[in-house]
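Worksheet: the structure to be examined is printed underneath.
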Amino acid sequence: MAWVLLVVAGLLEVGWAIGMKYTEGFTRLVPSVLTGAGIVASMLLLSYASRTLPIGTAYGVWVGIGAAGAAVLGMVVLGEPVTAARIFFISLLLVAVVGLKATSGH
């Protein structure tokens, strides 16, 4: 169950990271409230997952999912540059997340 919570927390991190773009410096009410709610929910789920998972693993996976997801959505939704180098490094992030899961002992 901790892994499910952690993956959801990572996906929420992607959501709030992308959401920050739409807050325009937290000057727009609805995107700001949704982004804030995403931040709180993501952190709560991370804290629940870290009750049973090693914190280094949990935090690393959470950050990896968030960073990779935000980079991919940035390219797909926000029109950020798609380059071979970016795709390569996003792939490395995903390999690291899988590696942390595989070596966590849980």
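For clarity, every value in this text was computed on a predicted model and none was experimentally measured.
- Of the possible polar contacts, one joining the Thr83 side chain to the Arg86 backbone as a donor-acceptor pair under 3.5 Å is found.
- Sorted by first then second residue, the salt bridge (Lys or Arg N to Asp or Glu O under 4.0 Å) pairs that include residues 43-62, not counting sequence neighbours, number zero.
- Between Ser42 and Trp62, the side chains place a donor N or O and an acceptor N or O closer than 3.5 Å (distance only, hydrogens not considered).
- Residues Leu11 and Leu44 do not share a hydrophobic cluster, clusters being chains of Ile/Leu/Val/Met/Phe/Trp/Tyr side chains in contact below 4.5 Å.
- Closest approach of Ala68 to Ile90, counting heavy atoms only: CB-CG2, 4.0 Å.
- In this structure, Trp16 CH2 and Ile39 CD1 are separated by 5.0 Å, a value rounded to the nearest 0.5 Å.
- Clustering of Ile, Leu, Val, Met, Phe, Trp and Tyr by side-chain heavy atoms under 4.5 Å joins Leu34 with Val30.
- Nearest heavy-atom pair across Thr52 and Ala2 is OG1-CB, 3.1 Å.
- Note that the CG atom of Leu12 and the OG1 atom of Thr35 stand 11.5 Å from one another [nearest 0.5 Å].
- Panel note: side chain Thr23, backbone Met20; a donor-acceptor pair is recorded below 3.5 Å.
- Tracing side-chain contacts under 4.5 Å through hydrophobic residues (I, L, V, M, F, W, Y), one reaches Met75 starting from Tyr22; they form part of the same cluster.
- Atom CG of Leu78 is separated from atom CD1 of Ile18 by 5.0 Å, given to the nearest 0.5 angstrom.
- Clustering of Ile, Leu, Val, Met, Phe, Trp and Tyr by side-chain heavy atoms under 4.5 Å joins Phe88 with Phe89, Leu92.
- Using a 4.5 Å cut-off between side-chain heavy atoms of Ile, Leu, Val, Met, Phe, Trp and Tyr, with links allowed through other members, Leu93 and Val61 fall into different hydrophobic clusters.
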